[in-house]
Amino acid sequence: MIDFSRPVVELALDLLGATVHHGVTSGRVVETEAYHDSEAACHAHVGLTPRTHVLFGPPGRAYVYRSYGVHALLNAVAEPEGVGAAVLIRALEPLEGIGAMQARRRRDRLEDLCSGPGKLTQALGIELSENDTELASGPIRIAPREGRDPPPHIAGRRVGITKAVELHWRFCERGSRFVSKPWPPGVARPR
DNA sequence: GTATGGATCTTCT
DNA sequence: GAAGATCCATACA
């Protein structure tokens with residue numbers, strides 16, 4: 001089992017290589033970002049609101065919210081209840097249900113299916129109604145990776161934020177073709 | 001190949 | 001009324 005109550009940066013590393021299942025589709029996590037209420041980029045930084053109460057709730061639940069009015073983004077709530085923290089799942093390597101993903105995404109290339117936080121929710125069919133569901137028993141499930149240690153990875157700046165950009169809380173599996181872009185400055189793109 | 005702007009909605013000012 | 005943890009089509013080099 002994954003211990004979602006761990007410190008959020010540790011959990012972000014723990015989720016690299018884990019598998020996300022939803023319906024007939026699944027994918028291997030190759031990119032994550034950590035968010036914590038102590039830093040300004042986190043939604044929970046503003047405190048407890050109707051939007052952020054899931055982040056402050058018990059660990060191991062899904063926080064799904066709408067981004068830019070268009071996309072659903074999937075997070076795993078971390079740290080003990082009362083702390084607002086979550087790991088954003090930013091990219092997956094498609095494993096099962098690839099035909100369904102291709103149909104939902106209207107794209108054929110595997111690299112175009114889950115290489116971004118809005119893309120993977122579309123590919124897996126994850127919706128806002130699944131906000132605040134249990135990751136152990138709900139529609140979205142996350143299975144731990146094989147092996148104890150995280151795969152080789154690169155830490156860098158988080159993407160698409162303007163606050164707390166100095167924190168290197170983004171983790172990419174080294175060498176994966178399925179991570180999102182752009183790459184953070186100063187990090188060579190693997191191929 | 002890079003650059004730009006539109007879509008569209010929840011939250012907070 | 002503005003901003004935002006994004007993606008994609010289009011324009012141009």
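So you know, we letter chains A, B, ... as the sequences are listed, proteins then strands, and number each from 1.
DNA chain B contains the following stems of three or more consecutive Watson-Crick or G-U pairs, with both distances under 3.5 Å: B:1-7 with C:6-12, B:9-12 with C:1-4.
Residues A/Thr162 and A/Arg107 both approach DNA chain C. Their nearest nucleotides, taken by heavy-atom distance, put A/Thr162 toward the 5′ side. When each of A/Gly118 and A/Arg66 is assigned the nucleotide of DNA chain C bearing its nearest heavy atom, the one mapping closer to the 5' terminus is A/Arg66.
Side-chain contact between A/Phe171 and A/Leu15: absent, with no pair of heavy atoms (C-beta onward) separated by less than 4.5 Å. With contacts defined as side-chain heavy-atom distances shorter than 4.5 Å, the pair A/Arg145/A/Pro150 qualifies.
Remark: aromatic rings of A/Tyr35 and A/His43 are distant, center separation not under 6.0 Å.
Residues from residues 37-44 of chain A placing a heavy atom under 4.0 Å of any atom in DNA chain C, listed by number, are A/Ala41, A/His43. Proximity of residues 5-30 of chain A to DNA chain C (heavy atom under 4.0 angstrom from any strand atom) is not detected for any residue.
A/Arg106 comes within contact range of no nucleotide atom at all, as no heavy-atom separation falls under 4.0 Å. Residue contacts shown for A/Gly69 include a base, since a base heavy atom lies under 4.0 Å away. At the heavy-atom level, A/Arg158 lies nowhere under 4.0 Å from the strands shown.
A side chain to side chain contact (heavy atoms under 4.5 Å, CB included) with A/Phe178 is found for one member of A/Val29, A/Leu92, A/Leu113, A/Val30 and no other, namely A/Val30.
Taking a centre distance below 5.5 Å and an interplanar angle below 30 degrees as the stacking criterion, A/Tyr68 does not stack against the six-membered base ring of B/dA7.
Side-chain N/O atoms of A/Thr49 include one lying less than 4.0 angstrom from OP1 or OP2 on B/dC12. The phosphate of C/dT6 (OP1 or OP2) has a side-chain N or O of A/Arg90 nearer than 4.0 angstrom. Put simply, A/Lys119 has a side-chain N or O that comes within less than 4.0 Å of OP1 or OP2 on C/dC8.
The two atoms that bring A/Gly47 and A/Thr52 nearest to each other are O-OG1, 2.7 Å, heavy atoms only.
With sequence neighbours excluded, no residue satisfies side chain to side chain donor-acceptor pair (under 3.5 Å) with A/Glu127. Taking A/Glu93 as the reference, A/Arg28 meet the side chain to side chain donor-acceptor pair (under 3.5 Å) condition, with sequence neighbours excluded. Among residues two or more places apart in sequence or in another chain, the salt bridge (charged side-chain N to carboxylate O under 4.0 Å, His left out) test is passed with A/Asp132 by A/Arg61.
Closest approach to the A/Arg51 side chain among B/dT11, B/dA7, C/dA5 is made by B/dT11 (side chain taken as heavy atoms from C-beta onward).
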